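These notes concern the structure reproduced below.
In this text, all values refer to a predicted model and were calculated from it rather than measured experimentally. Chain letters run A, B, ... following the sequence lines, proteins first and then strands; every chain starts at 1.
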Amino acid sequence: MTADPKPERAARLAARYRVAADAEATVRAYTADWAAFALWCQARGVAALPAAPELVGDYLAELGEGYARATLRRKVAGIARAHRLAGQSLDTRHTAIREVLRGIGRTHGDPPKRAQALTTPEIQRLVAVCEEDLAGLRDRSLLLLGFAGALRRSELCGISVENIAWKPRGIELLIPRSKTDQEGEGQRIGIPQGQSVATCPVRALKAWLQAAGITRGPAFRGVTRHQTIRDGALTGEALRLILLKRAQQAGIRATLLEPLSPHGLRAGFITTAYRAGVPDEEIMGHSRHRSLTTMRSYVRRSRLGSASPAGKVGL
DNA sequence: GTCGCTAGGAATAATGCAGA
DNA sequence: TCTGCATTATTCCTAGCGAC
């Protein structure tokens with residue numbers, strides 16, 4: 001009797017889908033975390049699998065002074081993940097792990113760095129330094145669309161011409177996949193025309209696409225200094241470098257706790273919308289936040305400005 | 001050699017969810 | 001409602017590439 005090939009195929013498919021279940025970034029991070037822990041165990045002549053919570057606690061304590069608590073937490077998740085894959089278990093809530101993490105946080109904890117919120121005045125300054133050549137048109141469009149759409153850098157770089165629906169009063173943008181849409185169901189946001197021609201994201205996008213002759217594929221691409229357009233989409237890192245360059249030209253400076261990054265476009269939109277009195281649910285609908293708490297973390301930052309209660313007590 | 005990127009790795013922030 | 005956890009995206013840094 002020959003074996004039925006179907007179960008074999010099903011097993012292969014299942015294995016392939018198990019691999020695809022986690023994002024590439026997660027797999028990369030967890031693999032590195034596990035490799036580092038295994039090496040540490042090997043150097044001490046102890047087994048990494050299964051690891052006792054006390055051993056993981058010792059590992060964290062040794063790493064403690066060099067890493068942020070967020071990183072240590074992820075390392076624990078990576079080690080636990082390796083245990084699950086091997087059919088073992090690691091109690092990440094064991095006091096030997098939890099108390100070490102808490103202790104490291106209390107002893108060496110630094111305030112987390114957050115992207116500097118780039119609000120309308122900063123956007124105007126950034127846009128003003130963009131020239132009328134191809135790179136300038138592209139950068140202006142990138143900055144305005146990223147801000148107006150409250151887009152993450154991956155979403156901004158991932159926009160293709162096919163995802164843009166031109167409407168009489170603006171555009172409708174289809175975000176095919178995002179951090180909060182892992183299944184790729186797609187989310188649509190509307191970007192209306194701006195009141196000022198100089199800062200209108202819709203006009204800026206149209207100007208860039210027309211000048212670059214882009215009619216399909218990635219909307220935002222590399223531009224060489226000789227004004228030729230590359231084929232592929234810009235990477236997130238390229239976007240960050242572009243923002244840093246424009247910020248330097250515009251005299252916008254980063255601070256130690258609030259560095260400049262493309263995420264500042266998103267943070268800036270939320271901050272500006274909140275200051276303008278836009279209701280929470282409308283902001284969340286546009287920024288595609290599912291959690292009010294997360295969205296409000298941006299709102300708290302905005303209160304550092306004139307809207308802070310501390311600014312209203314007559315000091 | 002310079003510019004404008006891309007690629008890759010390590011570290012860290014952002015995010016949503018489950019459970020207390 | 002708050003907190004902690006797990007997951008994922010982003011940041012930062014460095015090296016390298018291709019076009020001029």
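Between the side chain of A:Glu155 and the main chain of A:Arg152, a donor-acceptor pair closer than 3.5 Å is present. For A:Arg221 (side chain) and A:Ala233 (main-chain N/O), no donor-acceptor pair under 3.5 Å exists by modelled atom type. A:Trp208 places no side-chain N or O within 3.5 Å of a backbone atom of A:Phe220 that could act as its donor or acceptor partner.
Between A:Leu244 atom CG and B:dG4 atom C1' the separation is 14 Å, expressed in whole Å. When rounded to the nearest whole Å, the span between CD1 of A:Ile229 and C1' of B:dG4 equals 12 Å. At whole-Å resolution of the value, CG in A:Asp33 and P in C:dT7 are 12 Å apart. For A:Phe37 and B:dA10, the CZ to P distance is 18 Å, given to the nearest whole Å. What separates CD1 of A:Ile242 from C1' of B:dC5 is a distance of 9 Å, to the nearest Å. Nucleotide B:dT15 holds its P atom 7 Å from the CD1 atom of A:Ile270, rounded to whole Å. Atom-to-atom, CG of A:Leu243 to P of B:dG4 comes out at 16 Å; the value is rounded to the nearest Å. What separates CG of A:Leu265 from C1' of C:dA9 is a distance of 15 Å, to the nearest Å.
Taking only side-chain nitrogens and oxygens, A:Arg152 comes nearer than 4.0 Å to OP1 or OP2 of B:dT15. For the pair A:Ser261 and C:dT10, the criterion of a side-chain N or O lying under 4.0 Å from OP1 or OP2 is not met.
The side-chain tip of A:Lys75 does not point at the ring of A:Trp34 from less than 6.0 angstrom away and within 45° of straight on.
Each of A:Gly264 and A:Thr228 lies near DNA chain C, and the nucleotide nearest A:Gly264 is the one positioned closer to the 5' end. Along DNA chain C, the nucleotide nearest A:Pro262 and the nucleotide nearest A:Arg230 are compared for position; the residue whose nucleotide lies closer to the 5' end is A:Pro262.
Using a 4.0 Å heavy-atom cutoff across all strands shown, A:Val76 reaches no nucleic acid atom at all.
Taking only distance into account, the side chain of A:Arg74 meets the base of B:dT12 through a donor-acceptor pair shorter than 3.5 Å.
Each of C:dC12, B:dC5, B:dA11 was ranked by its minimum atom distance to the side chain of A:Lys75; first place goes to B:dA11. Comparing B:dT6, B:dC5, C:dC12 by their nearest atom to the side chain of A:Arg138 picks out B:dC5. In this structure, the nucleotide among C:dC13, B:dT15, B:dC5 sitting nearest to the side chain of A:Leu241 is B:dC5.
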- Dump the intermediate steps for side-chain contact (heavy atoms from CB on, under 4.5 Å) on A:Gln249 and A:Glu131, then the final yes or no. CA-CA 11 Å; A:Gln249 290 172 339; A:Glu131 308 83 357; 4.2 Å; yes

